[in-house]
Amino acid sequence: METTAVLSNNGAFTTFSYGKYMIRFRTSLHLERYTRILEWDKGYLVVMAKYDNCDKEEEEYIDLKPILENLYFDAEKFLKPIKDVRIQNERY
């Protein structure tokens with residue numbers, strides 16, 4: 001079983017992909033890309049992000065549990081097998 005999820009962005013949307021699921025949610029229009037995953041804790045991400053209106057990377061926080069629950073996922077079950085997250089900066 002795959003244990004790695006993928007975080008990416010395109011325009012005003014962030015995408016979190018795992019298995020056959022691709023979950024999209026809104027983000028800042030100024031987000032250029034995610035640059036590093038600092039922490040993954042069962043649905044909570046701490047990442048570094050680059051914005052077009054700032055010269056330095058900024059630390060950002062993403063809590064996937066409420067997003068998943070709003071989509072009627074069993075968040076605990078969905079997130080349990082994910083051991084790490086990688087960034088994919090390719091545009092889709």
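When a residue number appears, it is its place in the shown sequence, counting from 1.
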Participant: CD1 of I23 to CG of L68: how many Å apart, nearest 0.5 Å?
Facilitator: 4.5 Å
Participant: Please identify each residue that fulfils ring-ring contact (aromatic ring centres under 6.0 Å, His included) with F73, with sequence neighbours left out.
Facilitator: Y21, F78
Participant: Ignoring hydrogens and geometry beyond distance, is a side-chain donor-acceptor pair present between Q88 and Y34 at under 3.5 Å?
Facilitator: no
Participant: Say whether, by atom type as modelled, one donor and one acceptor occur between the side chain of W40 and the main chain of I82 under 3.5 angstrom.
Facilitator: yes
Participant: Starting at CG of N9, measure out to CZ of R33 and round the result to the nearest 0.5 Å.
Facilitator: 9.5 Å
Participant: Run the side-chain contact (heavy atoms from CB on, under 4.5 Å) check on K65 and E76 step by step: do they pass?
Facilitator: CA-CA 8 Å; K65 287 182 183 179; E76 296 296 324; 3.3 Å; yes
Participant: Yes or no on side-chain contact (heavy atoms from CB on, under 4.5 Å) for L7 and I37, after CA distance, side-chain angles and deciding distance?
Facilitator: CA-CA 9 Å; L7 182 71; I37 305 289; 4.0 Å; yes
Participant: Apart from V6 itself, what residues make up its hydrophobic cluster, given side-chain heavy atom links below 4.5 Å?
Facilitator: none
Participant: Of K50, E57, E58, which meets side-chain hydrogen bond (donor to acceptor under 3.5 Å, both in side chains) against T35?
Facilitator: E57
Participant: Please confirm whether the backbone N or O of T14 pairs with a side-chain atom of T27, one donor and one acceptor, at under 3.5 Å?
Facilitator: no
Participant: Between Y51 and E32, does the side-chain contact (heavy atoms from CB on, under 4.5 Å) criterion hold? Intermediate values first, please.
Facilitator: CA-CA 5 Å; Y51 291 88; E32 288 182 354; 5.9 Å; no
Participant: Looking at Y44, is its backbone amide N or carbonyl O close enough to the side chain of D41 to form a donor-acceptor pair, meaning the two atoms are under 3.5 Å apart?
Facilitator: no
Participant: Quick check against the 3.5 Å criterion: does Y18 have a side-chain atom that pairs as donor or acceptor with the backbone of E2?
Facilitator: yes
